[in-house]
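Notes follow the structure.
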Amino acid sequence: MINKAGEEMVVYLVGAGPGDPELITLKAIKVLEKADVVIYDRLANEEILKHAPQAKLIYVGKKAGEHYKSQDEINQILLNEAKNNDVVVRLKGGDPFVFGRGGEEVLTLKQENIDIETIPGVTSSIGVPTTVGLPVTHRGVATSFTVVTGHEDPTKTEKQVKWDYTADTIIVLMGIGQIKENTEEMMKYRDPKTPACVIESGTLPDERIVMGTLGDIAQKDIKSPAILIVGNVVDVFKEMTSKKLVY
Ligand SMILES: C[S@@+](CC[C@H](N)C(=O)[O-])C[C@H]1O[C@@H](n2cnc3c(N)ncnc32)[C@H](O)[C@@H]1O
(Lines give C-alpha, C1' and ligand atoms only; values in the text may rest on other atoms or scores of the structure.)
Protein backbone atom coordinates (compact mmCIF):
# COMPACT_ATOMS: atom_id res chain seq x y z
CA MET A 1 0.00 0.00 0.00
CA ILE A 2 1.15 3.55 -0.80
CA ASN A 3 1.09 6.31 1.84
CA LYS A 4 0.39 10.08 1.54
CA ALA A 5 3.96 10.74 0.39
CA GLY A 6 3.49 8.25 -2.45
CA GLU A 7 5.83 5.74 -0.78
CA GLU A 8 5.31 2.13 0.18
CA MET A 9 3.90 2.15 3.72
CA VAL A 10 6.00 0.60 6.46
CA VAL A 11 5.14 0.30 10.11
CA TYR A 12 8.06 -0.35 12.44
CA LEU A 13 7.32 -2.78 15.25
CA VAL A 14 9.97 -1.95 17.80
CA GLY A 15 11.11 -3.47 21.08
CA ALA A 16 11.77 -0.88 23.80
CA GLY A 17 13.68 -3.18 26.14
CA PRO A 18 12.82 -4.13 29.72
CA GLY A 19 12.71 -0.69 31.36
CA ASP A 20 16.10 1.02 31.55
CA PRO A 21 15.88 3.52 28.66
CA GLU A 22 19.50 2.79 27.72
CA LEU A 23 18.60 -0.82 26.90
CA ILE A 24 17.19 0.04 23.49
CA THR A 25 18.92 -0.70 20.19
CA LEU A 26 20.57 1.91 17.96
CA LYS A 27 18.32 0.72 15.17
CA ALA A 28 15.25 1.52 17.29
CA ILE A 29 16.57 5.01 18.07
CA LYS A 30 17.11 5.66 14.35
CA VAL A 31 13.48 4.89 13.46
CA LEU A 32 12.16 6.83 16.46
CA GLU A 33 14.10 9.89 15.29
CA LYS A 34 12.22 9.89 12.00
CA ALA A 35 8.82 8.83 13.39
CA ASP A 36 5.66 10.83 12.66
CA VAL A 37 3.67 8.78 15.16
CA VAL A 38 4.65 6.54 18.07
CA ILE A 39 2.03 4.18 19.48
CA TYR A 40 3.34 2.88 22.79
CA ASP A 41 2.50 0.58 25.71
CA ARG A 42 2.70 0.80 29.48
CA LEU A 43 5.98 -1.11 29.76
CA ALA A 44 7.82 0.99 27.19
CA ASN A 45 9.78 3.54 29.28
CA GLU A 46 8.53 7.07 28.44
CA GLU A 47 12.13 8.36 28.57
CA ILE A 48 12.59 6.58 25.24
CA LEU A 49 10.03 8.89 23.63
CA LYS A 50 12.59 11.70 23.83
CA HIS A 51 14.15 10.10 20.75
CA ALA A 52 10.99 11.01 18.80
CA PRO A 53 10.69 14.77 19.47
CA GLN A 54 8.44 15.63 16.53
CA ALA A 55 6.18 12.58 16.68
CA LYS A 56 2.55 12.44 17.72
CA LEU A 57 2.45 10.15 20.78
CA ILE A 58 -0.41 7.73 21.29
CA TYR A 59 -0.55 5.80 24.56
CA VAL A 60 -2.43 2.49 24.33
CA GLY A 61 -1.49 0.89 27.65
CA LYS A 62 -3.47 0.61 30.86
CA LYS A 63 -3.91 3.73 33.00
CA ALA A 64 -5.73 3.83 36.35
CA GLY A 65 -9.31 5.07 35.99
CA GLU A 66 -9.20 5.17 32.20
CA HIS A 67 -10.68 2.91 29.55
CA TYR A 68 -8.24 0.12 28.66
CA LYS A 69 -7.87 -0.25 24.90
CA SER A 70 -8.67 -3.68 23.56
CA GLN A 71 -6.39 -5.36 21.01
CA ASP A 72 -9.04 -4.69 18.32
CA GLU A 73 -9.00 -0.97 19.14
CA ILE A 74 -5.18 -0.93 19.05
CA ASN A 75 -5.22 -2.70 15.68
CA GLN A 76 -7.64 -0.07 14.36
CA ILE A 77 -5.44 2.80 15.62
CA LEU A 78 -2.44 1.17 13.94
CA LEU A 79 -4.27 0.88 10.63
CA ASN A 80 -5.53 4.47 10.73
CA GLU A 81 -2.15 5.91 11.62
CA ALA A 82 -0.36 3.76 9.03
CA LYS A 83 -2.67 5.05 6.31
CA ASN A 84 -2.25 8.70 7.30
CA ASN A 85 1.45 9.01 8.17
CA ASP A 86 4.78 8.28 6.58
CA VAL A 87 6.64 6.74 9.51
CA VAL A 88 4.69 4.91 12.18
CA VAL A 89 6.42 3.25 15.11
CA ARG A 90 4.67 0.71 17.31
CA LEU A 91 6.78 0.62 20.46
CA LYS A 92 6.41 -2.29 22.86
CA GLY A 93 8.07 -3.22 26.15
CA GLY A 94 10.83 -5.82 25.94
CA ASP A 95 10.78 -7.69 22.66
CA PRO A 96 7.62 -7.24 20.56
CA PHE A 97 7.25 -10.95 19.87
CA VAL A 98 7.65 -12.20 23.46
CA PHE A 99 4.12 -12.08 24.92
CA GLY A 100 3.70 -8.73 23.22
CA ARG A 101 0.90 -9.62 20.77
CA GLY A 102 3.22 -8.29 18.07
CA GLY A 103 2.29 -11.16 15.74
CA GLU A 104 -1.39 -10.22 15.87
CA GLU A 105 -0.59 -6.63 14.93
CA VAL A 106 1.60 -7.77 12.02
CA LEU A 107 -1.23 -9.98 10.72
CA THR A 108 -3.71 -7.09 10.95
CA LEU A 109 -1.44 -4.78 8.95
CA LYS A 110 -0.60 -7.51 6.43
CA GLN A 111 -4.32 -7.93 5.66
CA GLU A 112 -4.28 -4.32 4.43
CA ASN A 113 -1.02 -4.86 2.50
CA ILE A 114 0.97 -2.68 4.88
CA ASP A 115 4.58 -3.79 5.29
CA ILE A 116 6.11 -4.20 8.71
CA GLU A 117 9.70 -4.06 9.76
CA THR A 118 10.40 -5.60 13.15
CA ILE A 119 13.20 -4.38 15.38
CA PRO A 120 13.95 -6.69 18.30
CA GLY A 121 14.21 -5.52 21.87
CA VAL A 122 15.96 -6.84 24.97
CA THR A 123 13.29 -9.08 26.44
CA SER A 124 12.70 -8.87 30.19
CA SER A 125 12.76 -12.68 30.30
CA ILE A 126 16.54 -12.73 29.77
CA GLY A 127 17.52 -9.05 30.03
CA VAL A 128 16.22 -8.70 33.59
CA PRO A 129 18.08 -11.75 34.98
CA THR A 130 21.26 -10.77 33.12
CA THR A 131 21.07 -7.20 34.43
CA VAL A 132 21.06 -8.39 38.04
CA GLY A 133 23.77 -10.93 37.24
CA LEU A 134 21.68 -14.10 37.17
CA PRO A 135 22.80 -16.49 34.40
CA VAL A 136 19.84 -18.39 32.91
CA THR A 137 22.23 -21.13 31.78
CA HIS A 138 25.38 -22.18 33.61
CA ARG A 139 27.84 -24.92 32.73
CA GLY A 140 27.15 -28.02 34.81
CA VAL A 141 23.95 -26.54 36.28
CA ALA A 142 21.53 -25.52 33.51
CA THR A 143 21.76 -26.35 29.82
CA SER A 144 18.32 -25.09 28.87
CA PHE A 145 15.64 -22.58 29.80
CA THR A 146 11.94 -22.13 29.10
CA VAL A 147 10.06 -18.84 29.05
CA VAL A 148 6.37 -19.29 29.82
CA THR A 149 3.34 -17.13 30.51
CA GLY A 150 1.92 -17.30 34.00
CA HIS A 151 -1.37 -15.86 32.82
CA GLU A 152 -3.04 -17.72 30.00
CA ASP A 153 -5.96 -16.18 28.16
CA PRO A 154 -8.93 -17.24 30.35
CA THR A 155 -11.17 -17.53 27.26
CA LYS A 156 -9.11 -20.46 25.88
CA THR A 157 -11.12 -23.67 25.84
CA GLU A 158 -8.04 -25.78 26.68
CA LYS A 159 -4.95 -24.74 28.62
CA GLN A 160 -1.72 -24.78 26.59
CA VAL A 161 0.53 -24.29 29.61
CA LYS A 162 0.92 -27.64 31.34
CA TRP A 163 3.89 -26.75 33.62
CA ASP A 164 5.61 -30.10 32.90
CA TYR A 165 8.61 -28.44 31.25
CA THR A 166 11.89 -30.30 31.22
CA ALA A 167 14.17 -27.25 30.84
CA ASP A 168 16.57 -26.68 33.75
CA THR A 169 15.52 -23.05 34.26
CA ILE A 170 11.90 -21.88 34.08
CA ILE A 171 11.24 -18.17 33.60
CA VAL A 172 7.63 -17.09 34.17
CA LEU A 173 6.30 -13.78 32.82
CA MET A 174 2.97 -12.22 33.79
CA GLY A 175 2.71 -14.74 36.61
CA ILE A 176 2.57 -12.72 39.82
CA GLY A 177 -1.25 -12.57 40.08
CA GLN A 178 -1.35 -16.37 39.91
CA ILE A 179 1.97 -17.22 41.52
CA LYS A 180 0.36 -19.54 44.08
CA GLU A 181 -1.50 -21.58 41.44
CA ASN A 182 1.50 -21.61 39.08
CA THR A 183 4.03 -22.77 41.69
CA GLU A 184 1.59 -25.45 42.88
CA GLU A 185 1.38 -26.73 39.31
CA MET A 186 5.20 -26.69 38.96
CA MET A 187 5.57 -28.63 42.22
CA LYS A 188 3.80 -31.56 40.56
CA TYR A 189 7.00 -31.96 38.49
CA ARG A 190 9.73 -30.29 40.60
CA ASP A 191 10.99 -30.47 44.17
CA PRO A 192 9.48 -27.70 46.36
CA LYS A 193 13.05 -27.03 47.57
CA THR A 194 14.10 -25.94 44.03
CA PRO A 195 15.63 -22.45 44.37
CA ALA A 196 13.43 -19.64 43.05
CA CYS A 197 13.54 -15.88 42.90
CA VAL A 198 11.42 -12.98 41.71
CA ILE A 199 12.86 -9.86 40.12
CA GLU A 200 10.52 -6.89 40.41
CA SER A 201 10.86 -3.78 38.19
CA GLY A 202 14.05 -5.19 36.71
CA THR A 203 16.58 -2.66 35.30
CA LEU A 204 14.63 0.23 36.93
CA PRO A 205 15.47 2.30 40.03
CA ASP A 206 12.92 0.44 42.21
CA GLU A 207 14.22 -3.02 41.23
CA ARG A 208 13.85 -5.67 43.99
CA ILE A 209 15.13 -9.24 44.13
CA VAL A 210 13.09 -11.60 46.29
CA MET A 211 14.65 -14.96 47.12
CA GLY A 212 12.96 -18.22 48.07
CA THR A 213 12.15 -21.68 46.88
CA LEU A 214 9.45 -23.07 44.61
CA GLY A 215 7.62 -24.06 47.80
CA ASP A 216 7.62 -20.67 49.54
CA ILE A 217 8.10 -17.91 46.93
CA ALA A 218 4.30 -17.45 46.58
CA GLN A 219 4.09 -16.32 50.21
CA LYS A 220 6.46 -13.38 49.70
CA ASP A 221 5.43 -9.77 49.18
CA ILE A 222 5.79 -9.19 45.42
CA LYS A 223 4.57 -6.48 43.04
CA SER A 224 4.27 -6.47 39.24
CA PRO A 225 5.92 -6.13 36.82
CA ALA A 226 8.05 -9.03 37.88
CA ILE A 227 9.46 -12.29 36.59
CA LEU A 228 9.78 -15.56 38.45
CA ILE A 229 12.87 -17.70 37.91
CA VAL A 230 12.93 -21.30 39.08
CA GLY A 231 16.00 -23.53 38.96
CA ASN A 232 19.44 -24.20 40.39
CA VAL A 233 20.87 -21.16 38.57
CA VAL A 234 19.26 -19.13 41.38
CA ASP A 235 21.78 -20.69 43.80
CA VAL A 236 24.63 -19.88 41.42
CA PHE A 237 23.41 -16.26 41.35
CA LYS A 238 23.29 -16.18 45.18
CA GLU A 239 26.94 -17.19 45.27
CA MET A 240 27.96 -14.62 42.65
CA THR A 241 25.99 -11.55 43.68
CA SER A 242 26.72 -8.69 46.00
CA LYS A 243 23.28 -7.16 45.41
CA LYS A 244 20.76 -6.65 48.20
CA LEU A 245 18.46 -9.67 48.34
CA VAL A 246 15.09 -9.80 50.09
CA TYR A 247 14.10 -13.03 51.92
C1 LIG B 1 2.92 -8.56 28.46
S2 LIG B 1 4.47 -9.20 28.98
C3 LIG B 1 5.50 -8.39 27.83
C4 LIG B 1 6.89 -8.93 27.80
C5 LIG B 1 7.81 -8.16 26.91
N6 LIG B 1 7.40 -8.24 25.55
C7 LIG B 1 9.25 -8.65 27.01
O8 LIG B 1 9.81 -9.19 26.07
O9 LIG B 1 9.82 -8.42 28.08
C10 LIG B 1 4.71 -8.30 30.47
C11 LIG B 1 5.48 -9.09 31.51
O12 LIG B 1 6.88 -8.99 31.28
C13 LIG B 1 7.58 -8.99 32.51
N14 LIG B 1 8.32 -7.73 32.63
C15 LIG B 1 8.36 -6.74 31.75
N16 LIG B 1 9.20 -5.76 32.14
C17 LIG B 1 9.69 -6.16 33.33
C18 LIG B 1 10.63 -5.60 34.25
N19 LIG B 1 11.21 -4.42 34.03
N20 LIG B 1 10.92 -6.29 35.37
C21 LIG B 1 10.35 -7.49 35.61
N22 LIG B 1 9.48 -8.07 34.77
C23 LIG B 1 9.15 -7.42 33.65
C24 LIG B 1 6.53 -9.14 33.60
O25 LIG B 1 6.38 -10.52 33.89
C26 LIG B 1 5.29 -8.59 32.93
O27 LIG B 1 4.13 -9.08 33.52
Side-chain angles (χ1 to χ4, degrees), residues 12-25 27-28 39-48 59-63 68-71 74-75 89-106 116 118-134 136 145-154 156 160-161 163 169-183 186 196-212 217-218 220-230 234 237 243-246:
Y12 294 93
L13 181 61
V14 178
D20 178 343
E22 293 192 359
L23 289 175
I24 188 162
T25 64
K27 203 160 191 162
I39 302 161
Y40 67 103
D41 281 339
R42 184 172 65 93
L43 288 172
N45 192 321
E46 295 201 5
E47 281 269 312
I48 289 170
Y59 178 77
V60 293
K62 284 185 191 173
K63 212 175 244 178
Y68 163 51
K69 292 210 170 27
S70 68
Q71 190 60 47
I74 294 172
N75 291 349
V89 173
R90 173 70 173 111
L91 187 66
K92 287 175 168 284
D95 183 275
F97 282 165
V98 179
F99 304 126
R101 305 192 73 170
E104 289 161 68
E105 295 179 10
V106 171
I116 295 97
T118 39
I119 300 181
V122 175
T123 172
S124 62
S125 54
I126 305 173
V128 164
T130 297
T131 301
V132 301
L134 190 158
V136 296
F145 62 86
T146 286
V147 178
V148 60
T149 175
H151 180 81
E152 248 188 306
D153 178 355
K156 272 187 198 169
Q160 276 174 276
V161 179
W163 298 108
T169 307
I170 308 285
I171 301 160
V172 186
L173 268 63
M174 301 183 286
I176 300 310
Q178 289 175 42
I179 191 166
K180 187 170 175 292
E181 294 80 355
N182 295 342
T183 49
M186 276 189 263
C197 83
V198 165
I199 309 171
E200 250 180 50
S201 297
T203 80
L204 292 165
D206 53 343
E207 179 178 275
R208 267 177 92 231
I209 309 167
V210 182
M211 306 295 287
I217 196 83
K220 315 267 176 178
D221 172 32
I222 299 161
K223 282 180 235 53
S224 285
I227 62 169
L228 167 67
I229 301 156
V230 177
V234 173
F237 163 63
K243 286 203 174 257
K244 184 176 165 232
L245 306 176
V246 179

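In listed order, ligands and their atoms are each counted from 1.
Distance alone, capped at 3.5 Å, is enough to place a donor-acceptor pair between the Thr25 side chain and the Ala28 backbone. Under the 3.5 Å distance criterion, the side-chain polar atoms of Thr130 are left unmatched by any main-chain donor or acceptor of Gly127. A donor-acceptor distance shorter than 3.5 angstrom exists from the side chain of Thr169 to the backbone of Val136, with no hydrogens or angles considered. Of the possible polar contacts, none joining the Ser224 side chain to the Ala226 backbone as a donor-acceptor pair under 3.5 Å is found. Side-chain atoms of Arg208 do not come within 3.5 Å of backbone N or O of Glu200 as any donor-acceptor pair. A side-chain donor-acceptor contact under 3.5 Å links Thr203 to the backbone of Asp20.
Listed by number with element, the atoms of ligand 1 under 4.0 Å from a non-hydrogen atom of Leu173 are 4 (C), 12 (O), 13 (C), 25 (O). Close approach of ligand 1 to Ile199 (heavy-atom distance below 4.0 Å) involves ligand atoms 21 (C). The ligand atoms of ligand 1 that sit less than 4.0 angstrom from a heavy atom of Thr123 are 7 (C), 8 (O), 9 (O). Close approach of ligand 1 to Ile227 is summarised as follows: ligand atoms under 4.0 Å from at least one heavy atom of the residue are 13 (C), 21 (C), 22 (N), 25 (O).
Contacts with ligand 1 closer than 4.0 Å are made by backbone heavy atoms (N, CA, C, O) of Ser201 only, the side chain lying farther away.
For the pair Ala226 and ligand 1, the shortest N or O to N or O distance falls below 3.5 Å. Between Phe99 and ligand 1, a contact under 3.5 Å exists for no N or O pair. At a 3.5 angstrom cut-off on N or O pairs, Gly93 counts as close to ligand 1. In terms of N/O distances under 3.5 Å, ligand 1 is approached by Val98. Ligand 1 has an N or O atom lying under 3.5 Å from an N or O atom of Pro18, backbone or side chain. Some N or O of Met174 is nearer than 3.5 Å to an N or O of ligand 1, by distance alone.
Among protein heavy atoms, the minimum distance from atom 10 (C) of ligand 1 is reached at Leu43 CD1, 3.6 Å. In terms of protein heavy-atom proximity, atom 20 (N) of ligand 1 is closest to Gly202 N, 2.8 Å.
In this structure, Val14 and Pro96 have side chains that are not in contact, with every pair of non-hydrogen atoms separated by 4.5 Å or more. Ile170 has its side chain out of reach of Phe145: every pair of non-hydrogen atoms, C-beta onward, lies at least 4.5 Å apart.
Residues forming a side-chain hydrogen bond (donor to acceptor under 3.5 Å, both in side chains) with Gln71 (at least two apart in sequence, or on another chain): Asn75, Glu105.
By the 6.0 Å contact criterion, NZ on Lys244 is open, its count of non-hydrogen atoms from other residues, nucleotides or ligands being 12 or less.
Judged by the shortest distance from any of its heavy atoms, Ser224 lies outside the 4.0 Å radius around the atoms of ligand 1. Contact annotation: Thr203 has no heavy atom less than 4.0 Å from any atom of ligand 1. Residue Ser124 places a heavy atom less than 4.0 Å from ligand 1.
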